[in-house]
Amino acid sequence: MTDHPQRLRAMFCDHLSIMRGKYLPASKLKDDESRFARPTFSVHYDKDLLIEAPGTKCLEGLPDMALRWKGDEIRQGWEPNTKVVTGDLYAADGTPIPMCPRSALKRAVAAWEKHGLTPKVGIELEAYAFIRDENGQIVPYDTPGGVVYGTGNFSDPKRFTDAIWNKAQEIGLPLDLITAEYDTPQYEFTLTFGPAVDHVDTVVLFRQMAREIAWDHGVILSFLPKPIPGKGGNGMHINLSFSDAKDHNALANGDHGDPNNLNPLAKGCIAGWMQHHKAMAGLIAPNAQSYNRLQPASLSGYWCNWGGDNRNVTVRVSAEGGKKARLEHRMADATSNPYTATATILQAALLGFEGKYALQPMESGNGFSSNDATQGTAASLSEALNDLEADTPLTTAVGAGLVENHLYMKRAEVEKTALLDPDALRDWYIWYL
Ligand code: GLU
Ligand code: MG
């Protein structure tokens with residue numbers, strides 16, 4: 001077999017959280033661009049082209065957008081002789097297109113940098129494994145000896161998670177842990193925290209790599225928020241900290257994380273998340289299944305509450321302090337675009353910090369229930385989208401054009417999925433998420 005020259009797989013993560021891209025020759029392994037049709041942002045999971053989707057110019061000649069990347073952001077890929085990169089999407093006038101999720105994250109980072117603070121992010125992904133049975137039906141992967149924190153072949157007989165681990169090591173992708181979750185066959189993957197844009201690039205590349213390696217083993221790895229009714233959901237927990245000009249962790253207030261001893265930065269971030277709780281859901285939990293996951297007593301970020309080392313609150317103040325001080329936001333799921341979700345987390349936190357919002361008291365109950373059901377996220381995607389649309393400070397901060405396209409596409413998704421039973425709903429999405 002001849003040794004092929006390197007190629008570049010240039011990709012972006014779209015409004016549906018699908019990675020789209022092209023294979024390109026080695027001559028593109030530098031600062032460069034490649035063009036895609038802008039109406040990609042009007043295509044739905046069922047491949048329906050919605051020509052009126054805002055910002056996509058379907059009715060203005062379906063023009064190009066340019067995906068631009070930096071040579072120094074090109075990474076080792078997981079396929080033979082293939083490098084990978086993600087980038088930002090530009091219109092013909094040289095400005096980012098309004099729907100570009102990575103540009104929305106860059107704006108959010110820049111807004112924090114004006115305060116001398118660099119956001120650091122660490123994302124945890126959960127996913128269920130499925131296989132196709134002899135009739136072609138999608139069924140859960142059989143892991144008869146699976147337990148919470150399971151490792152080894154009782155938790156993963158086909159050992160596809162080992163293949164994911166080994167490939168991540170080989171290509172230098174920073175993975176902190178893989179373990180089996182409480183329900184089977186569910187797994188958790190935690191990526192090493194880092195500067196926001198670089199980290200989310202890692203997340204979207206990892207998620208794609210993991211799904212492709214799993215599929216090589218005959219496993220469909222799904223990040224859908226609630227693929228198996230009655231079992232736990234799949235979250236995408238977003239951990240946040242900031243480094244200041246001296247590279248100190250700006251959330252730190254002593255050697256231990258203490259919810260009774262938060263500094264003004266931490267209080268501002270949490271207050272922003274509390275005030276924009278319902279609206280954030282429309283962006284960071286944007287799937288027709290998301291509201292089956294966001295329920296009371298599901299450890300998932302349903303209630304508008306916060307606390308210390310407590311998995312049953314939406315915002316958990318880590319018990320680790322000093323360099324490791326961080327806030328964990330537990331509402332998002334990985335059917336959101338991770339750039340958009342992280343931008344939303346950062347912008348809501350900034351609204352609270354800059355606006356000096358008052359912080360509500362921390363959760364005093366066990367978090368399994370509350371006397372006030374109005375304090376939860378919406379009951380459905382359609383209501384969550386209304387909550388999002390009603391919150392002008394948040395939608396303006398994240399990006400009015402991005403949110404307008406999102407509302408249109410997601411309202412179409414509500415209609416398209418309305419009559420599907422749980423298995424049909426899972427199968428509508430499963431090849432993409
Ligand atoms: N699976 C839970 C969720 O949907 C989170 C469980 C945990 O890792 O604490 O977010
Ligand atoms: Mg977990």
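Every number for a ligand or one of its atoms is a count from 1 in the order of the listing.
- Near Arg311, with a cut-off below 4.0 Å to any heavy atom, the atoms of ligand 1 are 9 (O).
- Using a 3.5 Å distance cut-off with no hydrogens or angles, the side chains of Asn337 and Ser17 do not pair a donor with an acceptor.
- Near Arg293, meaning under 4.0 Å from one of its heavy atoms, ligand 1 places the atoms 3 (C), 4 (O), 10 (O).
- Nearest to atom 10 (O) of ligand 1 by heavy-atom distance, out of Lys226, His237, Met331, Glu188, is His237.
- Among all protein heavy atoms, the one lying closest to atom 9 (O) of ligand 1 is Arg330 NH2, 2.9 Å.
- A donor-acceptor pair under 3.5 Å is absent between the side-chain atoms of Arg211 and the main chain of Ile220, judged by distance alone.
- With ligand atoms numbered from 1 in the order given, ligand 1 contributes 2 (C), 3 (C), 5 (C), 10 (O) to contacts under 4.0 Å with heavy atoms of Leu299.
- Using a 4.0 Å cut-off between charged side-chain N and carboxylate O, Asp201 and Arg102 make a salt bridge.
- Around the Mg ion (ligand 2), protein atoms of type N, O or S found under 2.8 Å number 3.
- The backbone N or O of Ala250 sits nowhere less than 3.5 Å from a side-chain atom of Asp244 that would complete a donor-acceptor pair.
- Within the structure, ligand 1 lacks Met236 among the residues with a heavy atom less than 4.0 angstrom away.
- At least one cation-pi condition fails for Lys416 and Tyr45: the charged atom is not both under 6.0 angstrom from the six-membered ring centre and inside a 45 degree cone around its axis.
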Open item on the list: Could you go through Glu79 and Arg7, starting from their C-alpha distance and side-chain angles, then the distance that decides it, and tell me whether this counts as salt bridge (charged side-chain N to carboxylate O under 4.0 Å, His left out)?
Closed with: CA-CA 10 Å; Glu79 297 163 289; Arg7 60 180 179 174; 3.8 Å; yes

Got a list of side-chain donor-acceptor pairs under 3.5 Å for residues 135-149, not counting sequence neighbours?
unit_1	atom_1	unit_2	atom_2	d
Tyr141	OH	Asp156	OD1	2.5
Tyr141	OH	Lys158	N	2.8

- [ ] Could you walk me through whether Glu212 and Trp78 pass the side-chain hydrogen bond (donor to acceptor under 3.5 Å, both in side chains) test, one step at a time?
- [x] CA-CA 9 Å; Glu212 291 179 13; Trp78 52 95; 2.8 Å; yes

Open item on the list: Would Arg75 and Thr202 count as a side-chain hydrogen bond (donor to acceptor under 3.5 Å, both in side chains) here? Give the steps.
Closed with: CA-CA 10 Å; Arg75 306 175 181 209; Thr202 304; 2.8 Å; yes

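- Of the protein's non-hydrogen atoms, Glu126 OE2, 3.5 Å is the one closest to atom 6 (C) of ligand 1.
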